Participant: 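I'd like to ask some things about the structure below.
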Amino acid sequence: MNRPVPSHALRLCWYALAAALASFAACRGSAYAAAPTDANTAAPAAAFRAPYLPSSDAEVLQDVPSTRDPAVSEMKALRTKLDTAPQSLPAAIQLAGAYVDYGRQVGDAHYAGYAEAVVAPWMAQVRPPPSVLVTQATILQYRHQFTESRVLLQKTLSMDRSNAQAWLTLATLDMVQGDYPSAGKDCSQVTANAGLELGLACSANLRSYTGQARQSLALLHQAQAGGATVPASYQAWVQGLMAESAERLGDWPLAESHYLSALKLLPRDNFLLVAYADFLLDRARPKEVLALLADHAQSDTAFLRLALAQSALHSEQVGQYTWIMAARFEALTLRGSDFFGREQARFALQLQHDPQSALDLARRNWQVQREPWDTRLLLEAAIAAAQPQAANEALDFLQKSKLEDPIIEPLARQLRARLNGASGEIK
Amino acid sequence: MRAGAAALIVVTALIFGATVVQAHSASDAYLSLTVDGGSPQGMLVVHGQWDIALRDLDFVLKLDEDGDGRLSWGEVRRHQAAIERYAYASLGFSGNTGAACNIKPTRQMIDDHADGAYAALFFDVVCGHAPLKLRLKYNLFFAIDPSHRGIFVMHDHANVATAVLSPQNDVIDLTL
């Protein structure tokens, strides 16, 4: 493999990882600020460079949110509103919501921190209002602090049993963690407290995880009905769920048409972009991933897909992408940040070609979250590391949940065959 | 639809179900100190480098003058004084006697990290006495983003001390 990154830089980087904080200064990634314009030649700038003075005033150093972006001016207006009435809870909730939403859309965790600061004065109260608890729970969920998030949601519901937002967030949490019976109850509460369409969407989402993808699609069609009053983000979300359900059924053209419809509604939504990129990678269409994500390299999840696409294309730049991705994960480790197992496991498996690390990460991740991608990675890593027994718990989970998925099913079959073969040998 | 507005309020949480993956690392700054082995007698001089993300500085100081979303060196350069004022207001040093040490900014450059370009602030800390301990106080961005972290490292001859500065850990005592 051609590695354009100087090997000394790579060594320094790993040394830094080993020595934890001590030598972070030695481990610098490269700027991607000079955003790649031609997707096919997209390359981050040269790695490892000492502090410097740019040679020209016109040199662009960094992409930042543009004030010409309506979402940015909306946040600014809400900030002004709160600044003029700092005691106003509705103004704080609105601003925090706008931050969370924007951060989610562009894939930037900074905004979760900004939102947290906005609600902090209310969170410091002995009895924070339910709306604040739900906002904080959403922020924690975003950071994968699921246990802490659940505590706040339960506290909210003990104060206000009919809090629709809390039920929705809890339903989400239960689905992410693979507790489908609880999610079913949460969805009933969503129907009771937020209305039929959202209840349908909630149940449909659940059914795509429990072997009922066809019903899921039918329910989503019903949930979609509503007309002009429905916000684009809701429509895009339903389209995204339809794409996922179609993927469960192995109906690739249908899945793609829903991804494209969703992206037409929300062209820069990080989740949709990444999900569609994964779809394209699975269909062996990596070149399209480079074009799709060319302007989104700032998002770590998008950057990982760019690196995977480079790898699938056997590009000369794959070493450089891998190096930068490693440096970004390392920055997370340095700050003592939360664990991003899914991304890290996939990175270890597909870019570092280290099945044992991938398996360790995938197993740890699977204890926390159990969406189909989490299960898939665990199975793939168990196969790659030739440790089928490591997938036992996940195989039981699949049997119980009845997840249907044309990519996961063959992996599970392969592992079961190996496990049966192994137990046969012991006998 | 029962009410479009209701959907608008709750839809964020629902969408989160599918987007619980965090996509971008949160805010970090990198603070590095090196004790000057040749400090004048009875004084302490420490050299510092503080890397602060340009994106974070833009959020508080609006560096992007034309609002085009592309931060140029010219825009950063014209705001260097503001960056300096903002940053150094959130960093303080004192000796074990309680006497404050002065921060003397020396220059600003640009430093590239894996997640973007940072302003690199170089400075000296000068204590007019030779303290046995140096106390560091740090509160950059905490008021607007409690998830900000200061990744700190200090080199004192052969010794290396490290810490992660956070709202819960915003004061550290360094034994010299």
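Sequence lines set the chain letters: A, B, ... in the order given, protein chains first and strands last, and positions in each chain run from 1. Note that the coordinates shown come from a computational prediction; the quantities given were computed from them, not determined experimentally. Scope of the values below: all heavy atoms of this structure, side chains included, with no hydrogens, waters or symmetry mates.
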Participant: Grab the two heavy atoms, one from A:Tyr52 and one from B:Asp112, that are nearest each other, plus how far apart they are.
Facilitator: OH-OD1, 3.1 Å
Participant: Can we say A:Arg328 and B:Asp115 salt-bridge, meaning some charged N sits less than 4.0 Å from an Asp/Glu carboxylate O?
Facilitator: no
Participant: Taking all atoms of both residues into account, what is the closest heavy-atom pair of B:Ser147 and A:Gly113, and its distance?
Facilitator: OG-CA, 3.5 Å
Participant: Looking only at side-chain N and O atoms, does B:Asp56 offer a donor or acceptor that is under 3.5 Å from a partner on A:His110?
Facilitator: yes
Participant: Using a 4.5 angstrom heavy-atom cutoff, name the option from B:Ala120, B:Ala143, B:Pro146 with the most pairs to chain A.
Facilitator: B:Pro146
Participant: What heavy-atom pair brings B:Ile144 and A:Ala117 nearest, and what distance separates the two atoms?
Facilitator: O-CB, 3.2 Å
Participant: Answer yes or no: is there an ion pair linking B:Asp68 with A:Arg68, defined by an N-O contact shorter than 4.0 Å?
Facilitator: no
Participant: Which label fits A:Tyr114 and B:Phe59: parallel for a plane angle under 30°, tilted from 30 to 60°, or perpendicular past 60°?
Facilitator: parallel
Participant: At their closest point, which heavy atom of A:Leu334 faces which heavy atom of B:Val164, and how far apart are they?
Facilitator: O-CG2, 3.4 Å
Participant: Examine whether an atom of A:Ser56 lies under 4.5 Å from a heavy atom of chain B, and if so say whether it belongs to the side chain, the backbone or both; otherwise answer neither.
Facilitator: backbone
Participant: Tell me whether B:Ser72 contacts the main-chain N or O of A:Ala58 through its side chain, where contact means a donor paired with an acceptor under 3.5 Å.
Facilitator: no
Participant: Measure A:Phe329 against the heavy atoms of chain B and call it side chain, backbone, both or neither at under 4.5 Å.
Facilitator: neither
Participant: Judged by atom type as modelled, is there a donor-acceptor pair below 3.5 Å linking the side chain of A:Gln62 to the main-chain atoms of B:Ala117?
Facilitator: yes
Participant: For B:Phe122, which atoms come within 4.5 Å of any heavy atom of chain A: side chain, backbone, both, or neither?
Facilitator: side chain
Participant: Among A:Ser66, A:Pro54, A:Ala120, single out the residue with the greatest number of heavy-atom pairs under 4.5 Å to chain B.
Facilitator: A:Pro54
Participant: With the threshold set at 4.0 Å, does a side-chain nitrogen-carboxylate oxygen contact exist between A:Asp63 and B:Arg55?
Facilitator: no
Participant: Between B:Ala161, B:Ala53, B:Gly67, B:Ser166, which shows the greatest number of heavy-atom pairs under 4.5 Å with chain A?
Facilitator: B:Gly67
Participant: Rounded at 0.5 Å granularity, tell me how far CG in A:Leu61 sits from CZ in B:Arg77.
Facilitator: 11.5 Å
Participant: Give me the atom names and distance for the closest heavy-atom approach of A:Arg335 to B:Ser27.
Facilitator: NH2-O, 3.0 Å
